[in-house]
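Taking it in order: structure first as structure tokens, then the write-up.
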Amino acid sequence: MISIKFPDGRVQQYEAGTSPIEIARSISDGLARNVLSAEVNGQEWDPGRPIHSDAEIKLFTWKDEEGKKAFWHSSAHLLAEALEELYTGIKFGIGPPIENGFYYDVDPGDRTISINDLEKIEQKMRELAKSKSEFTRREVPKKEALDYYREKGDEYKVELLQELEDGQITFYSQGNFTDLCKGPHIPDTGIIKAIKLTNVAGAYWRGDENRKMMTRIYGVSFPKKKELDEYLVMLEEAKKRDHRKLGAELGLFMFSDRVGPGLPIWLPKGTAVRSRLQNFLRDEQLKHGYQEVMTPHIGKKELYVTSGHYDKYGKDSFQPIHTPKEGEEFLLKPMNCPHHCEIYGNTPKSYRDLPLRISEFGTVYRYEQSGELHGLSRVRGFTQDDAHIFCTQDQLKEEFLKVLDLTKLVLAKMGFEQFTAQISLRDPEDKSKYLGSDENWDAAEKAIIDAAEEAGLETKTELGEAAFYGPKLDFMIRDAIGRSWQLGTIQVDYNLPERFQLEYTGADNKPHRPIMIHRAPFGSMERFISILIEHTGGQFPLWLAPEQYILLPINDRALPWCEEVKRKLAERDIRGVIDERTESIGRKIRDAELNKMPLMLIVGDNEVAEQKVSVRRKGEGDLGSMDLQSFSSFFEGLLMQE
RNA sequence: GCCGAUGUAGCUCAGCUGGUAGAGCAGCUGAUUUGUAAUCAGCUGGUCGGGGGUUCGAGUCCCUCCAUCGGCUCCA
């Protein structure tokens with residue numbers, strides 16, 4: 001007999017060799033049906049795998065991340081099984097579960113698999129699932145495993161195997177398919193009731209762009225058909241919030257083939273939103289001791305040679321602009337920092353001048369790879385809410401903390417509560433990618449880690465994600481379909497001050513080198529607004545809305561009063577427009593609702609007579625009539641709530 | 001940049017195996033002056049992404065370029 005300890009601390013005796021699923025059955029049949037994965041003494045475990053000694057056990061179902069992971073991982077194997085039946089000799093890379101589903105990377109040889117083939121593959125998967133093949137685990141000696149894949153001719157698996165140690169290699173089989181895999185897997189394929197292959201895409205083998213491109217097939221699966229349907233509906237809903245769609249519909253921004261890809265054009269309404277965001281941040285920054293500057297959109301090539309950007313990105317960027325003068329070259333500015341370094345260096349600095357905080361809504365141009373462009377989120381010309389703080393080593397942590405506060409304030413104002421903070425450090429394996437001395441990097445990395453900890457910020461750390469001149473802390477936020485984007489960023493930089501030979505005179509009357517903090521709470525106006533659109537579904541908070549109200553006259557007799565209302569509200573900084581069309585009131589309301597107009601002011605003969613407006617709020621309906629005084633108060637109240 | 005897909009009127013989309021482009025909405029014109037999510041009628045509008053080819057004939061087939069979409073790589 002063995003003792004099994006449950007998460008609640010309860011201990012129960014079972015026969016040696018009992019499996020998690022049998023243990024589950026001893027609790028209830030329902031649980032046994034739903035167990036997808038288990039953990040035994042902290043080790044991932046198949047539900048059907050016998051336990052031979054005392055153990056602590058956890059059982060996972062669809063409700064647990066671990067359960068979903070096993071389910072999707074097993075679905076990937078099912079996909080592979082189907083592919084092997086349909087495409088003889090197909091070779092397999094890796095097939096892991098991901099956040100919402102799974103994929104398998106395959107090499108179909110000289111055949112191509114396109115989305116038109118997915119239906120057929122899905123069919124085969126369903127058919128195989130119905131046979132309820134059990135997933136069986138087998139430990140295999142490395143040599144045997146290598147022989148198996150060499151004979152099969154699957155060089156990808158051979159490569160993976162070569163990196164594994166003998167004694168820890170396991171095969172999982174279901175039906176006629178066997179895969180190198182460390183598990184765990186669900187009991188059998190029959191549990192996979194609903195399958196949707198969503199996409200096929202290219203993916204470099206092992207993420208290396210110099211290696212072969214595999215075909216990656218994405219899919220998602222569920223234990224119940226209903227859950228798949230709900231998921232698909234959710235995806236449809238998310239698509240409606242896509243900023244590219246809403247941006248066009250609401251007339252916020254546009255792109256033009258003639259202007260060029262990745263170069264957003266801001267229309268009046270989008271510009272209104274953007275200006276309000278900028279003014280909001282500008283005011284906050286003034287309160288926080290920033291000084292605003294403006295710098296040109298181009299700079300001599302030498303400027304970026306000095307900064308190091310030319311070396312790092314020169315070839316992959318917009319190429320230099322030439323002038324009639326022989327040998328003269330200018331670059332579109334990819335960064336504002338070199339200009340700001342010049343501003344620092346313009347006059348001699350004393351320690352009394354620090355910290356010096358220089359801000360700019362600076363537009364920069366970067367030649368992003370064509371396949372990377374994405375609406376407003378990834379563009380070739382964009383405006384950073386940039387600032388550079390020059391300070392002493394002693395001031396660094398405090399300044400960093402102040403920036404953290406400002407960034408959090410900005411995100412809170414926008415209602416973004418769900419962000420993650422990522423600390424990006426150097427890749428310890430390959431320091432050649434970075435500029436600057438080890439000591440400076442260590443100091444900078446320590447400053448960020450300490451400050452984040454002191455601020456009580458929950459962070460995850462990524463090695464190798466640092467900028468080439470310094471480590472950074474980024475705020476990441478998700479878009480409508482779950483992709484994560486970097487918004488705000490804070491970066492510590494010892495390198496540029498050195499390259500630009502920046503100095504200040506210390507209290508000791510000797511020259512010292514300042515440290516630079518690069519920071520942008522929004523990140524870029526473009527990307528920030530793209531996320532804002534997706535989070536609000538285009539329904540901006542009242543203070544940001546391009547138009548806060550629309551006056552809807554019921555007939556022409558109401559027009560003069562509408563004009564007067566508009567004038568009087570403008571005096572109170574409430575902005576709006578009049579729908580002067582000779583349409584029915586129903587039509588005007590419908591159009592205003594579709595345009596996501598926050599407030600509709602309906603004016604007919606009654607309102608004119610009483611010098612009032614009938615107020616309707618989007619999504620809420622009729623709120624009754626008000627005179628302008630009470631409307632203003634009502635409006636102020638709405639603003640206060642935001 | 002790489003893999004796959006898509007590109008028909010301002011928008012959403014139809015157009016079967018090649019036979020000379022169609023709907024709804026939008027727009028324009030006219031009528032209607034309307035009370036909380038679509039008033040009615042008429043009309044305009046497309047070198048079918050660009051270029052090249054096959055063919056008696058191409059929106060439909062082939063090549064190529066461009067743009068967009070989903071990934072990969074990249075992201076100062």
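We name chains A, B, ... by the order of the sequence lines, and we start the count at 1 in each one.
Contact annotation: side chain of A/D556 to base of B/rU33, donor-acceptor pair present below 3.5 Å. Between the base of B/rC74 and the side chain of A/R378 there is a donor-acceptor pair shorter than 3.5 Å. At a cut-off of 3.5 angstrom, the base of B/rU36 holds at least one donor-acceptor pair with the side chain of A/S614. At a cut-off of 3.5 angstrom, counting only N and O atoms as typed in the model, there is no donor on one side facing an acceptor on the other between the side-chain of A/R216 and the base of B/rC3.
Rounded to the nearest Å, the gap between the C1' atom of B/rA31 and that of B/rU68 is 43 Å. A gap of 38 Å separates the P atoms of B/rG1 and B/rC56, to the nearest Å. To the nearest whole angstrom, the two P atoms, one in B/rC74 and one in B/rU17, are 42 Å apart. The same atom, P, is picked in B/rG57 and in B/rG22; the two are 23 Å apart, to the nearest Å. Only the P atoms considered, B/rG52 is 28 Å distant from B/rG15, to the nearest whole Å. When the P atom is used for both B/rU34 and B/rU29, the distance is 22 Å, rounded to whole Å.
With hydrogens and angles disregarded, no donor-acceptor distance shorter than 3.5 Å links the side chain of A/S317 to the backbone of A/G314. Looking only at distances, a side-chain donor or acceptor of A/E534 sits under 3.5 Å from a matching main-chain atom of A/A480. For A/Y434 (side chain) and A/D427 (main-chain N/O), a donor-acceptor pair under 3.5 Å exists by modelled atom type.
Residue A/D622 is in base contact, counting any heavy-atom pair closer than 4.0 Å across all strands shown. Heavy atoms of A/H374 sit under 4.0 angstrom from primed sugar atoms or phosphate atoms, though from no base atom. If you check every strand for non-hydrogen atoms under 4.0 Å, A/L373 touches sugar and phosphate atoms only. Among the atoms of the strands shown, base atoms are found under 4.0 Å from some heavy atom of A/R366. Using a 4.0 Å heavy-atom cutoff across all strands shown, A/E607 reaches at least one base atom of the nucleic acid. In this structure, A/Y103 reaches neither bases nor backbone, as no heavy-atom distance under 4.0 Å exists between it and the strands shown. Within the 4.0 angstrom heavy-atom criterion, no nucleotide atom of any strand lies near A/K212. Within 4.0 Å (heavy atoms only), A/D605 reaches at least one base atom of the nucleic acid. Here A/R483 lies in heavy-atom contact (under 4.0 Å) with sugar-phosphate atoms only. Base engagement by A/T582 is indicated by at least one non-hydrogen atom pair under 4.0 Å involving a base atom. In this structure, A/T198 reaches neither bases nor backbone, as no heavy-atom distance under 4.0 Å exists between it and the strands shown. Among the heavy atoms of the strands lying under 4.0 Å from A/R244 are primed sugar atoms or P, OP1, OP2 only; no base atom is included. Residue A/G621 is classed as having no contact, given no heavy-atom separation below 4.0 Å to the nucleic acid. Backbone-only engagement by A/A203 is indicated by non-hydrogen atom pairs under 4.0 Å involving sugar-phosphate atoms exclusively.
Listed nucleotides B/rG35, B/rU33, B/rG71 differ in distance to A/Y218; the shortest reach to its side chain belongs to B/rG71. Closest approach to the A/P261 side chain among B/rA67, B/rG35, B/rA76 is made by B/rA67 (side chain taken as heavy atoms from C-beta onward). Distances were taken from every side-chain heavy atom of A/R587 (C-beta onward) to each of B/rA38, B/rA67, B/rG4; the shortest belongs to B/rA38. Side chain of A/Q369, nearest nucleotide from B/rG4, B/rC75, B/rG1: B/rG1. Counting only heavy atoms from C-beta on, A/R590 has its side chain closest to B/rA37 among B/rG35, B/rA37, B/rG4. Of all nucleotides listed (B/rU36, B/rG1, B/rU34), B/rG1 comes nearest to the side chain of A/Y204. With B/rA76, B/rA5, B/rG35 as the choices, the nucleotide that has an atom nearest any side-chain atom of A/I115 turns out to be B/rA5. When the nucleotides B/rU36, B/rC75, B/rG4 are ranked by their closest atom to the side chain of A/R527, B/rC75 comes out on top. Of the candidates B/rG4, B/rU36, B/rG1, B/rG1 carries the atom nearest the A/S370 side chain, counting heavy atoms from C-beta on.
For A/P546 against A/L252, the heavy-atom pair with the smallest separation is CG-CD2, 4.5 Å. When all heavy atoms of A/K269 and A/L250 are compared, the closest pair comes out as CD-O, 3.5 Å.
For A/T420 and A/Q422, the side-chain atoms include no donor-acceptor pair closer than 3.5 Å. No donor-acceptor contact under 3.5 angstrom links the side chains of A/E610 and A/S625, judged on distance only.
Remark: B/rA5 base-pairs with B/rU68; criterion is Watson-Crick or G-U wobble with both hydrogen-bond distances under 3.5 Å. Base pairing of B/rA31 is made with B/rU39, judged by Watson-Crick or G-U wobble geometry with both donor-acceptor distances under 3.5 Å. The base-pairing partner of B/rC25, taking Watson-Crick or G-U wobble contacts with both distances under 3.5 Å, is B/rG10. Base pairing of B/rG19: its partner is B/rC56, meeting the Watson-Crick or G-U wobble criterion (both donor-acceptor distances under 3.5 Å). Base pairing annotation: B/rC75 forms no Watson-Crick or G-U wobble pair, as no partner gives both donor-acceptor distances under 3.5 Å. Shown here, B/rU47 forms no base pair; nothing in the strands shown gives a Watson-Crick or G-U wobble contact with both key distances under 3.5 Å.
The CE atom of A/M254 sits 15 Å away from the C1' atom of B/rC11 (whole-angstrom rounding). As a whole-Å value, the separation of A/Y313 OH from B/rA76 P is 4 Å. Atom CZ of A/R380 is separated from atom P of B/rU68 by 8 Å (rounded to the nearest Å). Straight-line distance from the CH2 atom of A/W485 to the C1' atom of B/rC74: 12 Å, rounded to whole Å. Between A/E583 atom CD and B/rA37 atom C1' there is a gap of 13 Å when expressed in whole angstrom units. A/M213 has its CE atom 13 Å from the C1' atom of B/rG70, to the nearest Å. In this structure, A/Y549 atom OH and B/rU36 atom C1' are separated by 19 Å, rounded to whole Å. Between the CD1 atom of A/I602 and the P atom of B/rU36 there is a distance of 9 Å, rounded to whole Å.
A/R380 contributes atom CZ, which lies 9.5 Å from atom CD of A/Q369 (distance to the nearest 0.5 angstrom). We find the CG-CD1 distance between A/N495 and A/I515 to be 12.5 Å, quoted to the nearest 0.5 Å.
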For the pair A/T536 and A/K596, evaluate side-chain hydrogen bond (donor to acceptor under 3.5 Å, both in side chains) and give the outcome as yes or no after the intermediate values.
CA-CA 11 Å; A/T536 58; A/K596 309 199 189 290; over 6 Å; no
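The side-chain ring of A/F468 is not stacked on the base of B/rA76, judged by centre separation under 5.5 angstrom and plane angle under 30 degrees.
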